[in-house]
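Right, one structure below, let's go through it.
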2 protein chains.
Amino acid sequence: MIKVSITDDHYVVLKGIESLLKDEKHINVISIHENAKDTLKAFKVNEPDILFLDINLPDINGIELTKTITKTFPKVRIIALTNHEDVSFVKRILDNGAFGYLLKNAHKAELLEAISTVTKGEKFLQESIKKKILNQSLGRTENTAFQPKLTRRETEILKAISEELTTQEISEKLFISPKTVEAHRMNIMSKLGAKNSVGIIKIAIQKQLL
Amino acid sequence: MIKVSITDDHYVVLKGIESLLKDEKHINVISIHENAKDTLKAFKVNEPDILFLDINLPDINGIELTKTITKTFPKVRIIALTNHEDVSFVKRILDNGAFGYLLKNAHKAELLEAISTVTKGEKFLQESIKKKILNQSLGRTENTAFQPKLTRRETEILKAISEELTTQEISEKLFISPKTVEAHRMNIMSKLGAKNSVGIIKIAIQKQLL
DNA sequence: TATGATCTAAGGGTATTCCCTAGTTTTTAA
DNA sequence: TTAAAAACTAGGGAATACCCTTAGATCATA
C-alpha cells in the first residue's frame, strides 16, 4: 500500500488527483493540503511515501519546501507538480531533492506511472519534458533555456533595475560607484543575452530570476 | 437538471471539478475538454447550460473563445476559471460575455454557488474577488490595477520596445520620426505609471498587454 | 600559494532615453 | 456639422544608458 499526500493551493487540483487515485487499490491518499504549513504539520503525524507538490504555493517557494521536506522527512519522495516546461527549472527542482516532475496536464496513466517509478526509487519525468530536454541538448531550437548564473552582486543590481532605479540611484543604494553599477549591468546583459535593460527584465521575469 | 461542461488544459483540474460535481443530483457533467477546438465541436452535438472555462488555453486566448461561444451558443453561460486575481482582467472577461469568475482555489461550495447563481441568470463573483474590487474602488491600496487603455500606435510601440528595439529601429520599422516614437513611449510610461522602459515592460507583462 | 571568479571602478566616447512643448490629423459626441 | 477630445506627429535639450578598454582588490579553493 502506497501512502500518497497532495499539496496544491488549487482545491480542484487536489480533488482531481485524489479522484484519479482513489480507484487504485494499492494507493491510499492519506492527506491533502492547500499550503506548506499544513503539509509539514500533517507529516509529523502521518508521513506519506509520496508527495505530489505544487511548486507555486502561496506561503513558501516550492523549491525551498522541497529542500525542507527532503531534510526533515527524507523518506518522503516528492513529485513536483507545475506548469513550468522550462528545462532549467526542472533541473533545479530535481537538484533540490525531488524525485519526479509532472505537468498539470498529466493524465491518469502518467500519474500512476510516476508513482510506480518513484516508488522503485527511480526518477520520473513526463514524456513531454524528456523530449524538451533532448531537443535542447541536441538541436538547441530556441528555448535554449540554460539557467544563467548571476553572482550575488549581479542579482542585487538586477533587482534594483527591475525597481526602475537609475544607475545613479542604484550606486547610492549599494554604496558603489555608478561605473561599477554599469559594469555589472553590462555583465548581466551579456550573461542573459539581452540587448538592453528591457531585455534583462524580460528574461529575468521569464526565467524567474526575480 | 443542469448540464455542465468543463474546458481546461489541465487534466487534473477537469477531473477535480468533475468529481466535485458528480455527487450533486441536479448537476450533470456532460463533457470535458482540454482545448477550445474540442469544446466548440462538442457543443454542436450537445450544448451545456454552463461551461467552466479556463482562460489560459493552449490553442485560443480565453477571452476570444468567450466571445465566440457567446455569439455562437448564446444560451451557454460561461464561468471563467483562472488564477488571475487582477480586477481589470475580471472586468474584461465579464465584459466579453462571461457570467461568472472563479479562481482555481475555489472550494466545492463556491462551485455550487456559482452554478446556482449563474443558472438564475445572475452574475457570480468569488468572495475574494469581490473584496478586491471593493478595496480597489475605495482604498486603492496598491493593486490599483485598472486596465490602461493603449492606443493602436502605442500598442505597436510597446511591442517593439519589448523586442528590445531602439527608438531608431522602431522609427524605421514604423516609418515615423524617432521623436514620435519617443513621444509615444512617454505616453505609454505615463499611462502605465512607469518610470522608464523597464517599468513599461514589467507592467506590460504583469497586465498581459503583450 | 597560485588561479579563477568576483567586485570594484576609471577614462572616454556614442547612442538612447527622458522631458517639455506644440502643431496636425482623426475620432467622438453634442 | 461643428466643437471638443483624443491620437499622432515631431522638435530642442538635458540626462542617462550603453559600450569599449583596462585594471587593482578581494575571496574562495584546489
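Here is how names work: the chains are called A, B, and so on, in the same order as the sequence lines, proteins then strands, and each is numbered from 1.
Within the 4.0 Å cut-off from OP1 or OP2 of dA7(D), not a single side-chain nitrogen or oxygen of His184(B) is found. Put simply, Ser190(A) has no side-chain N or O that comes within less than 4.0 Å of OP1 or OP2 on dC19(D). Taking only side-chain nitrogens and oxygens, Arg185(B) comes nearer than 4.0 Å to OP1 or OP2 of dC18(C). At least one side-chain nitrogen or oxygen of Thr167(A) sits closer than 4.0 Å to the OP1 or OP2 atom of dA17(D). In this model, the phosphate group of dA15(C) is not approached by any side-chain N or O of Thr166(B) to a distance below 4.0 Å at OP1 or OP2. Under 4.0 angstrom from either OP1 or OP2 of dA7(D) there lies no side-chain N or O belonging to Arg152(B). Contact check, Thr180(B) against dT9(D): no side-chain N or O comes under 4.0 Å of OP1 or OP2.
Between Glu164(B) atom CD and dT17(C) atom P there is a gap of 12 Å when expressed in whole angstrom units. Note: CD1 (Ile188(B)) to P (dC19(C)) measures 14 Å, nearest angstrom. Between Met186(B) atom CE and dG12(D) atom C1' the separation is 14 Å, expressed in whole Å. Per the geometry, CD1 belonging to Ile170(A) stands 16 Å off C1' belonging to dA9(C), to the nearest Å. The distance between atom CD of Glu154(A) and atom P of dT8(C), rounded to the nearest whole Å, is 10 Å. Between the CZ atom of Phe175(A) and the C1' atom of dA9(C) there is a distance of 18 Å, given to the nearest Å. Whole-Å rounding puts the Glu182(B) CD to dC8(D) P distance at 17 Å. As a whole-Å value, the separation of Lys195(B) NZ from dT16(C) C1' is 20 Å.
The existence of a salt bridge linking Lys159(B) and Glu154(B) is excluded, since no basic side-chain nitrogen approaches an acidic carboxylate oxygen closer than 4.0 Å. Using a 4.0 Å cut-off between a side-chain N of Lys or Arg and a carboxylate O of Asp or Glu, Glu164(A) and Lys202(B) qualify as a salt bridge. Salt-bridge check for Lys104(B) with Asp9(A): failed, with every basic side-chain N at 4.0 Å or more from each acidic carboxylate O.
Looking only at atom types and distance, the side chain of Ser171(A) has no donor-acceptor partner in the side chain of Ser177(A) under 3.5 Å away. Using modelled atom types and a 3.5 Å distance limit, the side chains of His107(A) and Gln126(A) yield no donor-acceptor pair.
Comparing dC19(C), dA9(C), dC19(D) by their nearest atom to the side chain of Ile176(A) picks out dA9(C).
Each of Thr151(B) and Asn196(B) was assigned the nucleotide of DNA chain D with the nearest heavy atom; the assignment lying further toward the 5' end belongs to Thr151(B).
Side-chain atoms of Lys179(A) and base atoms of dG24(D) include no donor and acceptor less than 3.5 Å apart.
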